[in-house]
Amino acid sequence: MPYTLYGAPGSGSGIIEAACAEMGIQVVLRALDAQRDEHRGAAYAASNPQRKLPALVAEDGEVLTESVAILVTLDERHRGAGLLPPPGSPERAQALRWMVFAASELYPLVELIDYPGRFASGAAAETLRARAEGAWRERWRVLEGQIAGSPYLLATGFCAADLYLTKLSVWLDGAWRRDHLPRIDALTGAVLARPALAEVWARHVRGER
């Protein structure tokens, strides 16, 4: 069943695009101009009332949003592709644990760092940005200590959590990541080098390494 993926180059939609590429799932890309806030308009709100990217629309019109929910749903509907470990396994529990950590503890800080003016003004905005940046790095240090595999999150090998972490980690300062998060850096390098994802990362990562 083909899907339509609404996203933008460099955005978090790269997580879902990469997952589809790894699974061999047909997906039609609908790029929105995030620089001009096209995703914040009324037309896109019909698919995602939160006006955030991505949104995945099935052929029958079903709409999925929230990247972790999309990844779990794709895994459930395409079990043979091995996007996540088997249901009920300890490995699946850990993959979900750290994907949700990334979605709830890391990702929201990106908006505070990049757009503090949405939440405060003047000197307060800069204070907010600095505090969010500090929390961002501390939470990455927490995650660094949980990498069980070499190079992936799980000792059993690659899974969807690695895609999620890689897309967020390329937004870190590369030199800082190499110095302070060697396991995350190794994970990121391995995922960026996966052959099935070359075209995806060319659209979504560019010079961010």
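The chain is numbered in sequence order, starting from 1.
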* Asked: To the nearest 0.5 Å, what is the distance between CG (Leu163) and CG (Leu197)?
  -> 6.0 Å
* Asked: Is the CD atom of Gln146 crowded by more than 12 outside heavy atoms at less than 6.0 Å?
  -> yes
* Gap separating the NE2 atom of His39 from the OG atom of Ser47, nearest 0.5 angstrom -> 13.5 Å
* Would you list the pairs meeting salt bridge (charged side-chain N to carboxylate O under 4.0 Å, His left out) in which at least one residue belongs to residues 130-140, sequence neighbours left out? => Glu105-Arg139, Glu133-Arg137, Glu138-Arg141
* So do Leu154 and Pro85 actually touch side chain to side chain, heavy atoms under 4.5 Å? -> yes
* To do: Report yes if some heavy atom in the side chain of Thr166 is under 4.5 Å from a heavy atom in the side chain of Leu187; otherwise report no.
  => yes
* **Nearest atoms (heavy-atom pairs only) where Ile184 meets Ser169** => CG2-CB, 3.9 Å
* To do: Output all residues satisfying side-chain contact (heavy atoms from CB on, under 4.5 Å) with Arg51, sequence neighbours left out; order by chain, then residue number.
  => Arg40, Ala45
* Asked: Nearest 0.5 Å, what's the CD1-CD1 distance between Ile16 and Ile70?
  -> 4.5 Å
* Calculate, to the nearest 0.5 Å, the distance between atoms OG and CZ belonging to Ser13 and Arg30 respectively. => 13.5 Å
* To do: Using a strict cut-off of less than 4.0 Å between a Lys/Arg side-chain nitrogen and an Asp/Glu carboxylate oxygen, indicate whether Arg177 and Asp173 qualify as a salt bridge.
  => no
* Linking I/L/V/M/F/W/Y whenever their side-chain heavy atoms sit closer than 4.5 Å, directly or via other members, would Leu64 and Val57 fall into one cluster? -> no
* To do: Decide side chain to side chain contact (heavy atoms under 4.5 Å, CB included) for Leu112 and Trp136; before the verdict, give the C-alpha distance in whole Å, the side-chain angles of both, and the deciding distance to 0.1 Å.
  => CA-CA 10 Å; Leu112 297 177; Trp136 163 254; over 6 Å; no
* **Least distance between heavy atoms, Trp201 atom then Ala18 atom** => CH2-CB, 4.0 Å
* To do: Could you label the plane-to-plane angle of the Tyr6 and Tyr44 rings as parallel, tilted or perpendicular, counting under 30° as parallel and over 60° as perpendicular?
  => tilted
* In one Ile/Leu/Val/Met/Phe/Trp/Tyr side-chain cluster, 4.5 Å: Leu53, Leu29 -> no
* Ser11 side, atom OG; Lys167 side, atom NZ - distance, nearest 0.5 Å -> 7.0 Å
* Tell me, do Leu83 and His78 make a side-chain contact under 4.5 Å, heavy atoms counted? -> no
* Under 3.5 Å, is there a donor-acceptor pair between the side chain of Asp162 and the main chain of Leu153? -> yes
* To do: Working to the nearest 0.5 Å, report the span between CZ of Arg92 and OG1 of Thr156.
  => 12.5 Å
* To do: Identify whether Phe119 and Leu109 are in the same connected component of the hydrophobic contact network (ILVMFWY, side-chain heavy atoms under 4.5 Å).
  => yes
* Asked: Short question: side chain of Glu91, backbone of Pro86 - any donor-acceptor pair under 3.5 Å?
  -> no
* To do: Could you state whether Val191 and Met23 fall into the same hydrophobic cluster, counting links through intermediate Ile, Leu, Val, Met, Phe, Trp or Tyr residues with side-chain heavy atoms under 4.5 angstrom apart?
  => yes
* Asked: What closest approach, in Å, do Ile113 and Arg129 show between heavy atoms, and which atom pair accounts for it?
  -> O-CG, 3.3 Å
* Asked: Under a single-linkage definition using a 4.5 Å side-chain heavy-atom cutoff for Ile, Leu, Val, Met, Phe, Trp and Tyr, are Val142 and Leu172 assigned to the same hydrophobic cluster?
  -> yes
* **Qualifying residue for side-chain contact (heavy atoms from CB on, under 4.5 Å) with Tyr164, from Leu71, Leu106, Val100** => Leu71
* To do: Can you see which heavy atom on Leu84 is nearest to which on Arg79, and at what distance?
  => O-NH1, 3.3 Å
* Heavy-atom pair with the smallest gap, counting every atom of Pro108 and Ala103 -> CD-O, 3.2 Å
* **Evaluation steps, side chain to side chain contact (heavy atoms under 4.5 Å, CB included), between Thr65 and Lys52** => CA-CA 9 Å; Thr65 64; Lys52 292 186 176 182; over 6 Å; no
* Asked: Looking only at heavy atoms, what is the nearest atom pair of Ala21 and Ala196, with distance?
  -> CB-O, 3.7 Å
* Is there a side-chain contact between Leu181 and Trp176, using heavy atoms and a 4.5 Å cut-off? -> yes
* Side-chain heavy atoms of Thr73 within contact of Leu56, under 4.5 Å -> no
